[in-house]
Amino acid sequence: MSGKHGGFDQMLNSFYRQIGDQYVTDTAESIEKMREAAQEIEYPKELDDWFKAYMKQLVRAERKQQSQLYWKKQSRRLALVFLLVLLGCSIVTFGVEANRNKFFDFVTEVTEKYTTFDFDQEEQKQGNVIDGPHGWSYYFMPTYLPEGYVLGDSKVEGSIRVMRFLNKQKQALDFTQAPIGADLVIDTENAQIEEVNINDQLGSYVIYKKKVSILWKNESTVFVIHGYLPLSEMIKVAESTQFHK
Amino acid sequence: MLAFLMVIEDQQTRHKLETIYLTYHREMYAIAYGILNHVQDAQDVVQSSIIKMAKYIDAFSDPHCNKTRALFVTIIRNTAINIYRHKKNHPATPIDHLAEDFEDEHDSVEQYVIRIGDVAWLKEKMAALKVEYAEILALKYSYDFTDSEIAELLSIEPGNMRIRLHRAKAALRKLVGEGRDV
């Protein structure tokens, strides 16, 4: 609606509003006029009772609504707290998991260190050698020694290196190594000579008057050990041979 | 009932309804009884009107102002009339001759211009205008209720409400037209 009719509609609405406003004024006046007459009418008590009950219902509904709003708010807060707790738990869990892994690593590391340490201690008790002869490098030596044996002496003769391990009774266990091609002599007169397998390498052992000698080689080196120990112990020492830099 | 109860949101609003009841309960009952002449029916009218007022409590700005008085009177009266009509098996609004009510609203501009603001003239026209037409114009243009709200407040169908509003406007135009030559 625009132009003449638009303006006319506005005017009409204004006119209707004035009529409405006049109705409001007239009706309000009529209420004032009937006030006295209304006071004389017998008013039913049931209506008052009903209104009181209705107001109580309103109060209850209002409280219920407030309670619902309260619990709704609390639920939201609880949900938020739960979410935060869940998030916290997740973080802690992942954190703990990560730390646990670290811990296990650590334990493992420590354990390894400890194992190593403990092993070393144990080996020391058994007279095993931890450090090779002073000044040596690129050499082989046994990592297992029978109980009570420790490195007592060492010597180098040309390309041949010899370590002597001694126990408290000064019983010697000699470990000799030499490059392949070196001449190593073992007295086998009246001795028992048998083949033996040391670390998948064929070798020989010689037993002469309780002295056990084992001879074997690897790709680069010939080894000989002499000692007054049971053959099994001697084989164990031989098999524990490892390269050291 | 709960749906009506839920519309009261706070103590202040509840207090407003209580004030209206305590101030005008006798007038409310008197109006209803005046129409129905039946105690129980009048009580029912007051009760259902109170519940209706609770729903539209925001329209009652001040419990003691003219608009509040006119509004509760309108609600009470129409609720009572509705019950009366139901009891007498009267149709709420005659819908016959509807087409003849649809006249061109834009046929006489000047006749309104000169009279707007003339209270005496308005009062004269109001006296000649049916109350049901005046109240529907009031609800529509003074209270700014929507059509569906007016229908509920007057206890009539929305279709009948629109017919009544149109008739109110037509009747008013007729009254104004009659006065043009005076």
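Per chain, numbering begins at 1; letters A, B, ... match sequence-line order.
- Considering only heavy-atom pairs separated by less than 4.5 Å from chain A, the leading option among K140(B), K67(B), Q47(B), R69(B) is Q47(B).
- Atom CZ of F82(A) has 12 or fewer heavy atoms from other residues, nucleotides or ligands within 6.0 Å.
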Stepwise side chain to side chain contact (heavy atoms under 4.5 Å, CB included) check, E27(B) with Q39(A): CA-CA 8 Å; E27(B) 286 81 355; Q39(A) 299 301 318; 4.1 Å; yes

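- The structure places OG1 of T68(B) at 11.5 Å from CD1 of I31(A), a figure rounded to the nearest 0.5 Å.
- When P44(A), A37(A), S30(A) are compared by the number of non-hydrogen pairs under 4.5 Å with chain B, P44(A) comes out ahead.
- In this structure, Y21(B) and F51(A) have parallel ring planes: the angle between them is below the 30° cut-off, well short of the 60° mark.
- For chain A, no part of Y133(B) is nearby; none of its heavy atoms comes within less than 4.5 Å.
- Contact annotation: the side chain of D21(A) never approaches that of Y141(B) to less than 4.5 Å [non-hydrogen atoms, C-beta and beyond].
- At most 12 heavy atoms of other shown residues, nucleotides or ligands fall within 6.0 angstrom of atom CZ in R164(A).
- Contact record, G20(A) with S142(B): C-OG, 3.2 Å, taken as the closest heavy-atom pair.
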Could you go through the side chain to side chain contact (heavy atoms under 4.5 Å, CB included) check for L172(B) and F15(A) one step at a time? CA-CA 10 Å; L172(B) 191 60; F15(A) 178 59; 3.2 Å; yes

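- Side-chain N or O atoms of R14(B) include none that pairs as donor or acceptor with a backbone N or O of M55(A) at under 3.5 Å.
- Side-chain contact check for Y23(A) versus V131(B): some heavy-atom pair is nearer than 4.5 Å.
- Between the CG atom in N13(A) and the CG atom in L137(B) there is a gap of 10.5 Å [rounded to 0.5 Å].
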Start with the C-alpha gap between M34(A) and I31(B), add the side-chain angles, then the distance that decides, and say whether side chain to side chain contact (heavy atoms under 4.5 Å, CB included) holds. CA-CA 9 Å; M34(A) 71 177 292; I31(B) 294 165; 4.0 Å; yes

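- Most heavy-atom pairs under 4.5 Å with chain B: of the set E32(A), R60(A), E42(A), this distinction falls to E32(A).
- Taking 4.5 Å as the limit, some side-chain heavy atom of R35(A) sits within range of a side-chain heavy atom of Y24(B).
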Set out, in order, the CA-CA distance, both residues' side-chain angles and the distance that settles side chain to side chain contact (heavy atoms under 4.5 Å, CB included) for W50(A) and V46(B), then state yes or no. CA-CA 10 Å; W50(A) 170 85; V46(B) 173; 5.7 Å; no

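- For chain B, the option among L47(A), T27(A), D48(A) with the highest count of heavy-atom pairs below 4.5 Å is L47(A).
- With a 4.5 Å cut-off on non-hydrogen atoms, T74(B) touches chain A through its backbone and its side chain both.
- Neither the backbone nor the side chain of Y33(B) comes within contact range of chain A, judged by heavy atoms closer than 4.5 Å.
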